[in-house]
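Being a predicted model, the structure only gives us computed values, none of them experimental.
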Amino acid sequence: MIKKIGIVSLSSGVLGESFIEHVIKIGLDRLNKLGVEVEFLPNSLKGIDFLKNHPEARADDLLLAFEDDTIDMILCAIGGEDTYRLSPYLFEGDRLKNIVKQKLFLGFSDSTINHFMLNKLGIKTFYGQAFLPDVCELSANMLAYTEKYFLELIKTGKINEIHPSEVWYEEREDFSKKAIGVEMKSHPNTGFELLRGNPIFSGKILGGCIESIYDMFDNSRFNDTVEICSKYDLFPTLEEWENKILLIETSEEKTKPDLYRKMILALKGYGLFDVLAGVLVGKPQNEIYYEEYKSILLEEITNKDLPIVYNINIGHSTPRCIIPFGVEAKVDVSKQTISFNY
């Protein structure tokens, strides 16, 4: 059982803003009831403006969280958009490499880049949930499907098997005090959908939010992402991708189909779809562009032997499971399971 969680703000500094205090209290109460001690790393509560201007402070918190042996698990507060800017403060002088050790690390969205940073150093991580959007969910309880996997991770240190959620939820738009206890509107979910290929395949999973991954190939969002991510070799080589499973999911930006196609083509141009064992694709938030994304995947991934599984409950669509990275996984669409062998 995890005794102490360290919470870090590696992207957005929203955790430190006063308008979110009522949300944080809900999450802290839930963790305390589980008997889990919570530590906010020193810079995590310094707010949006400070952390935007001080990527080195965010990096310091990650380093401290790995160094502190009393912290069993590092939990990202939320995503954001520029965690790539931590790279020089983590990799110059081998700062992260010199202190990193196997420890539970959980985050999603822009934390995708942090997962790639840790993957580069051989650390196995967990993708799919974060403190503010999941542990602090404003409903009377954590969403049942989300909570199931979160509890499994903090109680056992691993995830053994995931399966589809029976429902999906419309994202809430109101996060004010008035929304406390207001349940999210749910819809029936259809399960893992095999778009192409063998329903059973295996390999280690890596990936995350496709918008953050695309930033490693394209400078449209920031003018230096390609240069920085390339300088520190954050995106694995084709040889390192061989026989792995790529996970991709889309953000709350609800990327338009034309841009989604560009993102898929960037991965295709890298040669990724020629070496992978399979592709897992998260459910789009609110099912926006659900069919359009499917068509693009089938049109642009021309390797007809590559299995593509769609509608995984991961990332920006609630509820969320947790997917281990760097652990041998077996996908079985006929059984509607993804199981992990440690």
Chemist: Under the 3.5 angstrom rule, does the side chain of R196 hit a backbone N or O of I301 as a donor-acceptor pair?
Modeler: yes
Chemist: Answer yes if the ring centres of Y145 and W168 are under 6.0 angstrom apart, and no otherwise.
Modeler: no
Chemist: Backbone N or O of D72 within a donor-acceptor pair of the K3 side chain at under 3.5 Å?
Modeler: no
Chemist: Looking at K4 and D69, is any side-chain nitrogen of the basic one under 4.0 Å from a carboxylate oxygen of the acidic one?
Modeler: no
Chemist: Are E137 and R30 within salt-bridge range, i.e. N to O under 4.0 Å?
Modeler: no
Chemist: Can you give me the closest heavy-atom contact between R95 and D60, atom names plus distance?
Modeler: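 Closest heavy-atom pair between R95 and D60: NH2-OD1, 3.2 Å.
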Chemist: Return the minimal non-hydrogen interatomic distance between A130 and C76, and the atom names on each side.
Modeler: CB-O, 3.3 Å
Chemist: Of N43, D82, V8, which meets side-chain contact (heavy atoms from CB on, under 4.5 Å) against R58?
Modeler: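 So the option named by the test is D82.
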Chemist: Do S139 and R172 have a side chain donor and acceptor closer than 3.5 Å?
Modeler: yes
Chemist: Do D332 and T337 pair up side chain to side chain, a donor and an acceptor below 3.5 Å, judged on atom types alone?
Modeler: no
Chemist: With clusters defined by side-chain heavy atoms of hydrophobic residues (ILVMFWY) lying less than 4.5 Å apart, directly or transitively, does L31 cluster with I24?
Modeler: yes
Chemist: Would you indicate whether the side-chain heavy atoms of D215 and Y84 approach each other to under 4.5 Å?
Modeler: no
Chemist: Within the structure provided, determine whether I159 and I323 are in side-chain contact (heavy-atom separation under 4.5 Å).
Modeler: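 SC-SC contact between I159 and I323 ruled out.
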Chemist: So N189 and S165, side chain to side chain donor-acceptor pair (under 3.5 Å) or not? Walk me through it.
Modeler: CA-CA 7 Å; N189 189 40; S165 171; 5.2 Å; no
Chemist: Given the rule that I, L, V, M, F, W and Y join up when any side-chain heavy atoms are under 4.5 Å apart, are F150 and M184 in one cluster?
Modeler: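 No; M184 is not reachable from F150 via cluster members.
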Chemist: Identify whether F126 and L143 are in the same connected component of the hydrophobic contact network (ILVMFWY, side-chain heavy atoms under 4.5 Å).
Modeler: no
Chemist: Treating Ile, Leu, Val, Met, Phe, Trp and Tyr as nodes and any side-chain heavy-atom pair under 4.5 angstrom as an edge, say whether I113 and L41 lie in one connected cluster.
Modeler: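 Per the 4.5 Å side-chain linkage, I113 and L41 are co-clustered.
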Chemist: One thing to verify: whether E193 and K294 come together as a salt bridge, which I'm taking to mean a side-chain N less than 4.0 angstrom from a carboxylate O.
Modeler: yes
Chemist: Are there more than 12 heavy atoms of other residues, nucleotides or ligands under 6.0 Å from atom NZ of K304?
Modeler: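 For K304, atom NZ is crowded (more than 12 foreign heavy atoms under 6.0 Å).
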Chemist: Counting distance only, does the side-chain N/O of K204 pair as donor-acceptor with the main-chain N or O of F325 below 3.5 Å?
Modeler: no
Chemist: Between D61 and S44, is there a side-chain donor-acceptor contact under 3.5 Å, judged purely by atom types and distance?
Modeler: no
Chemist: For F340 and Y342, take the angle between the two ring planes, folded into 0 to 90°, and tell me which bin it lands in: parallel under 30, tilted 30 to 60, perpendicular over 60.
Modeler: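 Tilted.
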Chemist: With a 3.5 Å distance limit and no angle check, can you tell me whether R320 reaches the backbone of G315 through a side-chain donor-acceptor pair?
Modeler: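 Yes, R320 side chain to G315 backbone: donor-acceptor pair under 3.5 Å.
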Chemist: Does the Q336 side chain pair with the main chain of F192, one donor and one acceptor, at a distance under 3.5 Å?
Modeler: yes
Chemist: Looking at K25 and E21, is there a salt bridge between them, counting it only when a charged N and a carboxylate O are closer than 4.0 Å?
Modeler: no
Chemist: Between L34 and M1, what is the shortest heavy-atom contact and its length?
Modeler: O-CE, 3.4 Å
Chemist: We want to know whether H316 and S109 form a side-chain donor-acceptor pair, criterion being a heavy-atom distance below 3.5 angstrom.
Modeler: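 Distance-only check passes for H316 and S109.
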Chemist: Per the side-chain hydrogen bond (donor to acceptor under 3.5 Å, both in side chains) rule, which among K254, E252, E249 passes with Q285?
Modeler: K254
Chemist: Report yes or no: does T83 contribute a side-chain atom to a donor-acceptor pair with the main-chain N or O of L10 at less than 3.5 Å?
Modeler: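 Yes.
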Chemist: Assigning hydrophobic clusters by single linkage (Ile, Leu, Val, Met, Phe, Trp, Tyr; side-chain heavy-atom cutoff under 4.5 Å), is I99 placed with Y89?
Modeler: no
Chemist: Describe, in one word, how the ring planes of F131 and F40 are oriented to each other, choosing from parallel (under 30°), tilted (30 to 60°) and perpendicular (over 60°).
Modeler: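 Rings of F131 and F40: perpendicular, as their planes differ by over 60°.
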Chemist: Does N53 use its side chain to pair, donor to acceptor, with the backbone of D49 at less than 3.5 Å?
Modeler: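 Yes, because the side chain of N53 sits within donor-acceptor range (under 3.5 Å) of the backbone of D49.
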Chemist: How about E242: does its CD atom have over 12 heavy atoms from other parts shown lying under 6.0 Å from it?
Modeler: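 Yes.
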Chemist: For side-chain contact (heavy atoms from CB on, under 4.5 Å), just list the numbers for T255 and Y289, CA-CA rounded to whole Å, side-chain angles, deciding distance to a tenth of an Å, and then say yes or no.
Modeler: CA-CA 8 Å; T255 290; Y289 301 129; over 6 Å; no
Chemist: Identify the two heavy atoms, one from L86 and one from M117, that lie closest to each other, and give their separation to 0.1 Å.
Modeler: CB-CE, 4.3 Å
Chemist: In this structure, which one of E227, E92, K120 forms a side-chain hydrogen bond (donor to acceptor under 3.5 Å, both in side chains) with Y232?
Modeler: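 Looking at E227, E92, K120, the match for Y232 under the side-chain hydrogen bond (donor to acceptor under 3.5 Å, both in side chains) is E92.
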Chemist: Got a donor-acceptor contact below 3.5 angstrom from the E17 side chain to the I48 backbone?
Modeler: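 A pair under 3.5 Å: yes.
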Chemist: Per the side-chain hydrogen bond (donor to acceptor under 3.5 Å, both in side chains) rule, which among N313, N311, T190 passes with K283?
Modeler: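 Filter result, single survivor: N311.
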Chemist: Can you check whether G282's main-chain N or O pairs, donor with acceptor, with T250's side chain at less than 3.5 Å?
Modeler: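 Absent.
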Chemist: Please walk me through it: do F175 and F19 pass ring pair (Phe, Tyr, Trp, His ring centres under 6.0 Å)?
Modeler: CA-CA 9 Å; F175 293 91; F19 61 78; over 10 Å; no
Chemist: Check this for me: K101, atom NZ, are more than 12 non-hydrogen atoms of other residues, nucleotides or ligands nearer than 6.0 Å?
Modeler: yes
Chemist: Looking at the rings of Y270 and F217, which for Trp means the six-membered one, are their centres under 6.0 Å apart?
Modeler: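 Distance test on ring centres: under 6.0 Å, yes.
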Chemist: D134 and G128: which non-hydrogen atoms are nearest, and at how many Å?
Modeler: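 Minimum heavy-atom contact is OD2-O, 4.3 Å.
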Chemist: How close do I296 and P257 get, heavy atom to heavy atom, and via which atoms?
Modeler: CD1-O, 3.3 Å
Chemist: Tell me whether K268 at atom NZ has more than 12 heavy atoms from other residues, nucleotides or ligands lying less than 6.0 Å away.
Modeler: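 Above 12, so yes.
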Chemist: Is there a side-chain contact between L64 and P42, using heavy atoms and a 4.5 Å cut-off?
Modeler: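 Side-chain contact under 4.5 Å: yes.
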Chemist: Side chains of I5 and E37, heavy atoms from C-beta outward: is any pair under 4.5 Å?
Modeler: no
Chemist: So, N32 side chain and L28 main chain: donor-acceptor pair closer than 3.5 Å or not?
Modeler: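 Such a contact is found between N32 side chain and L28 backbone.
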Chemist: Between F105 and H115, does the ring pair (Phe, Tyr, Trp, His ring centres under 6.0 Å) criterion hold? Intermediate values first, please.
Modeler: CA-CA 8 Å; F105 177 92; H115 286 276; 5.2 Å; yes
